[in-house]
*Asks:* 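First the structure, then my questions, so here it is.
Along the sequence shown, the residues carry numbers beginning at 1.
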Amino acid sequence: FPVTIVAMVAEYAADSFVAKINTLGVADIGFGANGIMLIDSGWYEEFSVGMIDLSGRILFGGSTFDGTKGQMLVTRLNSAGTVDPGFNGGQFIRQEFPHVGGPSGGGVRSIFSLSDGKVLAVGVSAEGLSMARYTNSGILDATFGVNGLITNSIQGFGDLIPSSIFNGQSIISGYRDYGDIALLKFGIDGKLDASFGVGGVASADAGGYESLSAISLQSDGKIVAVGSRNINGKISSVALRFMANGTIDGAFGVGGVVEIDVGNSTTVVNSVAIDANGKILVAGYSDLDYMVIRLNSDGSLDKTFGSN
């Protein structure tokens with residue numbers, strides 16, 4: 001694209017907004033109103049994830065609340081900052097999932113544009129991890145799950161992490177399994193991949209009570225997960241690496257686990273990425289400062305980056 005688009009989603013008087021910034025770091029006045037578009041679904045909404053598809057359109061996912069129940073919320077914008085009339089007729093998608101006790105709430109945690117133009121929303125509802133797939137026109141895809149919807153209620157299901165990853169063939173999501181870090185792997189059809197871990201579920205104990213924050217996929221198929229660990233009240237941050245088949249990678253750190261400690265009283269990591277050289281970038285904050293740490297592929301600190 002000729003400009004770099006940074007989609008910033010924030011609450012503003014119970015609404016959300018998107019800003020488009022060019023490569024010079026200034027607002028693109030051709031987008032929305034002077035570079036900003038206010039999103040108002042008519043209810044209270046919060047968009048938490050977004051992405052740009054191959055056509056330059058912007059997908060957003062989040063949650064909405066009408067005063068009685070929560071729902072997943074999905075919308076698509078044109079590159080000029082207007083709601084796309086070709087996606088659900090230009091209307092917001094407010095998605096509910098079947099629930100024995102009545103309509104279930106939920107929210108989108110990740111959203112993906114597939115190669116055929118379909119849209120996959122991954123999130124959580126009262127039924128557990130929940131997925132919805134839409135056609136390019138924003139209609140539920142009847143060839144996916146049951147009428148376009150899939151839910152997975154798994155024993156021990158805890159907190160779905162803020163993001164899943166999609167490699168074109170499968171979806172990998174993380175969650176907390178009785179205090180351990182765990183991953184779920186689904187095929188493009190939404191079914192658990194039995195070749196991954198045990199029945200599509202892989203878990204690892206990092207030595208305490210763990211909570212997952214983010215995951216990233218290496219080019220060799222290995223999965224790096226970051227989060228926090230509580231051992232007898234002492235909280236630290238950790239990184240773990242799983243093999244492509246879901247087993248823990250013993251060549252990473254100590255038994256597959258790396259403790260991230262910068263010497264301050266509080267260290268929190270909330271994102272992870274793999275760079276072009278296979279090194280691992282971990283970001284978060286320590287006490288009142290932002291921090292970025294780079295690890296070598298074996299989990300050791302890259303002392304050529306920053307200050308040790």
*Asks:* Quick check for you: to the nearest 0.5 Å, what is the distance between I274 atom CD1 and Q218 atom CD?
*Replies:*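 It is 5.0 Å, given to the nearest 0.5 Å.
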
*Asks:* Among all residues two or more places apart in sequence or in another chain, which pass the salt bridge (charged side-chain N to carboxylate O under 4.0 Å, His left out) test with K279?
*Replies:*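 With neighbours one apart ignored, the set is D302.
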
*Asks:* Can you tell me how far NZ of K20 sits from CD1 of I52, rounded to the nearest 0.5 angstrom?
*Replies:*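 These two atoms lie 8.5 Å from each other.
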
*Asks:* Taking all non-hydrogen atoms of both residues, which atom of K185 and which atom of S170 are closest, and how far apart?
*Replies:*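 That closest heavy-atom pairing would be CE-OG, 3.4 Å.
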
*Asks:* Evaluate the side-chain proximity of V74 to F60: yes if any heavy-atom separation is below 4.5 Å, no if none is.
*Replies:*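 F60 does not reach V74 side chain to side chain.
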
*Asks:* Answer yes or no: is there a side-chain heavy-atom contact under 4.5 Å between N232 and Y209?
*Replies:*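 Not touching, per the 4.5 Å side-chain cut-off.
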
*Asks:* Between the side chain of D275 and the main-chain N/O of G278, is any donor-acceptor distance below 3.5 Å?
*Replies:*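 Yes, D275 side chain to G278 backbone: donor-acceptor pair under 3.5 Å.
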
*Asks:* Within the structure provided, determine whether I215 and I172 are in side-chain contact (heavy-atom separation under 4.5 Å).
*Replies:*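 Counting from C-beta outward, I215 and I172 do come under 4.5 Å.
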
*Asks:* State, to 0.1 Å, how close L212 and V226 come at their nearest heavy-atom pair, and which atoms those are.
*Replies:*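 Smallest interatomic distance, heavy atoms only, reads CD1-O, 3.5 Å.
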
*Asks:* Roughly how far, to the nearest 0.5 Å, is CG of L59 from OH of Y134?
*Replies:*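 One finds 11.5 Å between OH of Y134 and CG of L59.
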
*Asks:* For D249 and F242: C-alpha separation, side-chain torsions, deciding distance, then whether side-chain contact (heavy atoms from CB on, under 4.5 Å) applies.
*Replies:* CA-CA 5 Å; D249 182 1; F242 293 82; over 6 Å; no

*Asks:* When you measure from the side chain of S213 to the backbone of V269, do you find a donor-acceptor pair of N or O atoms at a distance under 3.5 Å?
*Replies:*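 Yes, S213 side chain to V269 backbone: donor-acceptor pair under 3.5 Å.
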
*Asks:* As an exercise, state the distance from CG of L281 to CD1 of I293, rounded to the nearest 0.5 Å.
*Replies:*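 It is 10.5 Å, given to the nearest 0.5 Å.
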
*Asks:* Compare all side-chain heavy atoms of M37 with those of L77 and state whether any distance is below 4.5 angstrom.
*Replies:*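 With C-beta onward as the side chain, the pair touches.
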
*Asks:* Linking I/L/V/M/F/W/Y whenever any side-chain heavy atoms sit under 4.5 Å apart, do I165 and L183 land together?
*Replies:*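 Yes, it is one cluster - the side chains of I165 and L183 are joined through contacts under 4.5 Å.
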
*Asks:* Looking at every non-hydrogen atom in both residues, tell me the closest pair between S79 and F31 and how far apart they are.
*Replies:*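 Nearest pair, atom of S79 first, then F31: O-CD1, 3.2 Å.
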
*Asks:* Kindly say whether S55 contributes a backbone atom to a donor-acceptor pair with the side chain of D53 at under 3.5 angstrom?
*Replies:*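 Yes, the answer is positive, given that a donor and an acceptor are paired below the 3.5 Å cut-off.
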
*Asks:* What's the shortest heavy-atom distance between R133 and T143, and which atoms?
*Replies:*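 Between these two residues, the closest heavy atoms are NH2-OG1, 3.3 Å.
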
*Asks:* Do the side chain of R294 and the main chain of L301 share a donor and acceptor less than 3.5 angstrom apart?
*Replies:*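 Pair absent, no side-chain N/O of R294 close to backbone of L301.
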
*Asks:* Surrounding CD1 of I29 (heavy atoms of other residues, nucleotides or ligands, distance under 6.0 Å), is the total greater than 12?
*Replies:*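 No - once you tally the heavy atoms of other residues, nucleotides and ligands closer than 6.0 Å, there are 12 at most.
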
*Asks:* Rounded to the nearest 0.5 Å, what separates atom CD1 in I58 from atom CD1 in I111?
*Replies:*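 If we round to the nearest 0.5 Å, I58:CD1 and I111:CD1 are 12.0 Å apart.
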
*Asks:* Sub-3.5 Å donor-acceptor pair from the side chain of R76 to the main-chain atoms of N136, do we have one?
*Replies:*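 Confirmed, R76 side chain pairs with N136 backbone.
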
*Asks:* Could you check if a side-chain atom of I93 sits within less than 4.5 angstrom of a side-chain atom of T75, using non-hydrogen atoms only?
*Replies:*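 Side chain of I93 against side chain of T75, heavy atoms only: no contact under 4.5 Å found.
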
*Asks:* Among residues at least two apart in sequence or on other chains, which ones pass side-chain hydrogen bond (donor to acceptor under 3.5 Å, both in side chains) with N78?
*Replies:*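 Residues passing side-chain hydrogen bond (donor to acceptor under 3.5 Å, both in side chains) with N78: T82.
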
*Asks:* For residues M243 and I171: do they belong to one hydrophobic cluster (side chain heavy atoms under 4.5 Å, members Ile, Leu, Val, Met, Phe, Trp, Tyr)?
*Replies:*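 They do not share one cluster, since no chain of ILVMFWY contacts under 4.5 Å joins M243 to I171.
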
*Asks:* Is the distance between the ring centroids of Y290 and Y285 under 6.0 Å?
*Replies:*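 They do not qualify: ring centres at least 6.0 Å apart.
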
*Asks:* Tell me whether L38 is reachable from I36 by hopping between hydrophobic residues (I, L, V, M, F, W, Y) whose side-chain heavy atoms are closer than 4.5 Å.
*Replies:*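 Same cluster.
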
*Asks:* Taking it one step at a time, do V224 and L240 satisfy side-chain contact (heavy atoms from CB on, under 4.5 Å)?
*Replies:* CA-CA 6 Å; V224 178; L240 297 86; over 6 Å; no

*Asks:* Tell me, with the steps shown, if Q71 and Q95 meet side chain to side chain donor-acceptor pair (under 3.5 Å).
*Replies:* CA-CA 5 Å; Q71 299 170 321; Q95 190 64 61; over 6 Å; no

*Asks:* Heavy atoms, side chains only, cut-off 4.5 Å: are M131 and F144 in contact?
*Replies:*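 Yes, side chains in contact.
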
*Asks:* A side-chain contact here means heavy atoms from C-beta on lying under 4.5 Å apart; do S173 and V122 qualify?
*Replies:*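 Heavy-atom side-chain distance check passes, below 4.5 Å.
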
*Asks:* Between D189 (side chain only) and K191 (backbone N and O only), is there a donor and an acceptor less than 3.5 Å apart?
*Replies:*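 Yes; at least one donor-acceptor contact below 3.5 Å.
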
*Asks:* Do you know the tightest heavy-atom contact between S237 and V268?
*Replies:*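 Heavy atoms of S237 and V268 come nearest at OG-CA, 3.6 Å.
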
*Asks:* Would you say F47 and L73 make side-chain contact, with heavy atoms under 4.5 Å?
*Replies:*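 A side-chain contact under 4.5 Å exists here.
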
*Asks:* Main chain of V257, side chain of E259: is a donor-acceptor contact present, judged purely on distance under 3.5 Å?
*Replies:*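 No, the answer is negative, given that no donor and acceptor are paired below the 3.5 Å cut-off.
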
*Asks:* Could you label the plane-to-plane angle of the F112 and F166 rings as parallel, tilted or perpendicular, counting under 30° as parallel and over 60° as perpendicular?
*Replies:*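 It falls in the tilted class, 30° to 60°.
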
*Asks:* F196 and A202: which non-hydrogen atoms are nearest, and at how many Å?
*Replies:*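 Distance-wise, the nearest heavy atoms are CE2-CB, 3.6 Å.
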
*Asks:* Begin from the C-alpha positions of S63 and V108 and carry the test side-chain contact (heavy atoms from CB on, under 4.5 Å) through to its verdict.
*Replies:* CA-CA 6 Å; S63 59; V108 179; over 6 Å; no

*Asks:* Please check if the side chain of R241 supplies one atom and the backbone of S297 the other of a donor-acceptor pair under 3.5 Å.
*Replies:*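 Side chain of R241 to backbone of S297: a pair is present.
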
*Asks:* Are V282 and V292 close enough, and set up right, to give a side-chain contact (heavy atoms from CB on, under 4.5 Å), and what steps lead you there?
*Replies:* CA-CA 6 Å; V282 179; V292 179; over 6 Å; no

*Asks:* Kindly compute the distance separating OG (S300) from CD1 (I280), expressed to the nearest 0.5 Å.
*Replies:*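 S300 atom OG to I280 atom CD1 measures 9.0 Å (nearest 0.5 Å).
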
